[in-house]
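Order of appearance sets the numbers: ligands from 1, and atoms from 1 within every ligand. Only a predicted model underlies this, so the values are computations on that prediction, with no experimental measurement involved.
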Amino acid sequence: MTKPKLLMTRVLSPAVIERARRDYDLDLNENDHIMSADELVARCQGKDAALITLTEKFTAEVIGRLPPSLRVIATYSVGFEHIDLAAAKARGIRVANTPDAVTIATAEIAMLLILGAARRAPEGERLLKDKKWGGWQPMQLIGRRLDGKRLGIMGLGKIGQAVAKRARAFDMEIHYYNRRRCSPTEEQGAIYHDTLDGLLAVSDVLSISAPSTPETRGSINAAALAKLPRGAIVVNTARGDLVNDDDLIAALKSGQVGYAGLDVYKGEPNIHPGYYELENVFLLPHMGTSVIEARDEMGFAALDNIDAVLAGREPPSPLV
Ligand code: DGY
């Protein structure tokens, strides 16, 4: 029996590739390069499904050139700003993501950034690696404890809830802003703010867990940062384009923001050069889901979505 044809645009974990080879006639981007729009379109020719990642931009223009054979685009991410959903819908192409697989790993990175920023971990490591450490000093690298501090979560979805759960173990007080109020089970006692400004005003630590949408893009700008308590920590594990980089860098320089912990950036991998000059930043290279457990689960979830669509069933995580 001939297998359905699948394009896999990046080299995923071995277990995921093995399953994809077992069930599909697989076209794998063996050398893991970033494909141009033209190559994406060319390699989708004759395919039934595409398993893509956030580095492949499925704009309306690309989607308009996809072949009629392509029935499903499964992204190996919870984020979907790289896919024009309306264009896919108009073409009758199903799109699905991997919301559950990324939750714990991303929440752990948020906690790492919160702790690293509060305790100035990057400065401590630099001191050692630059061979400048003169030994223990009472007032060296004084940071802040987390207990009793207010954690403001922008976007109490699955990841936001997982961050809240972990932060509670550090005795933080949890606040959140969402467009809609969460259920008591989702809130677990977290305090709801019906405006972003309301959340910002009480956030000793702001953790961004909201998706990139026309409403959220650029929303963490100078006006928003000015509403934070002076010296607040800003952590972003969602998408870089929610933050106005010039404004955050200015706030880090002025002390309005005390520290930033960032895993995601606008224009990745070309991050704003101003970040390199600052001491009070903890910068990671978009590694929120970089654990093998998440990588396998993300790939299996994407394949589950594809399996379902090609079998005429509803995918487990449909976007369109
Ligand atoms: C996601 O799932 O959107 C993550 O950013 C991938 O690491």
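A salt bridge is absent between Glu268 and Arg239; no separation between the charged side-chain nitrogens and carboxylate oxygens falls under 4.0 Å. Remark: Arg145 engages Asp147 in a salt bridge, criterion side-chain N to carboxylate O under 4.0 Å. Salt bridge Arg313/Asp307: absent, no basic N to carboxylate O contact under 4.0 Å. A salt bridge links Asp100 to Lys158: one of the charged nitrogens lies within less than 4.0 Å of a carboxylate oxygen.
Closest protein heavy atom to atom 4 (C) of ligand 1: His286 NE2, 3.8 Å. Ranking the protein heavy atoms by distance from atom 7 (O) of ligand 1 puts Thr289 OG1, 2.7 Å first. The nearest heavy-atom contact from the protein to atom 1 (C) of ligand 1 is Val78 N, 3.4 Å. In this structure, atom 3 (O) of ligand 1 lies nearest to the protein heavy atom Arg239 NH2, 2.7 Å.
Taking the six-membered ring where tryptophan is involved, the planes of Tyr275 and Tyr265 are perpendicular, since the angle between them exceeds 60° and thus also 30°.
Per-residue contacts place Ser77 under 4.0 angstrom from the following atoms of ligand 1 (heavy atoms of the residue considered): 1 (C), 2 (O), 3 (O). Within ligand 1, the atoms closer than 4.0 Å to a non-hydrogen atom of Val102 are 2 (O), numbered from 1 in the order shown. Set against the non-hydrogen atoms of Leu54, the atoms of ligand 1 under 4.0 Å away are 5 (O), 6 (C).
Not a single heavy atom of Met287 sits under 4.0 Å from any atom of ligand 1.
Between the side chains of Ser219 and Thr216, no donor-acceptor pair of N or O atoms lies under 3.5 Å. Between the side chains of Tyr176 and Glu186, not a single donor N or O lies within less than 3.5 Å of an accepting N or O.
With a heavy-atom cut-off of 4.0 Å, Thr98 does not touch ligand 1 at all.
For Gly79, a nitrogen or oxygen atom sits less than 3.5 Å from a nitrogen or oxygen atom of ligand 1, counting backbone and side chain alike.
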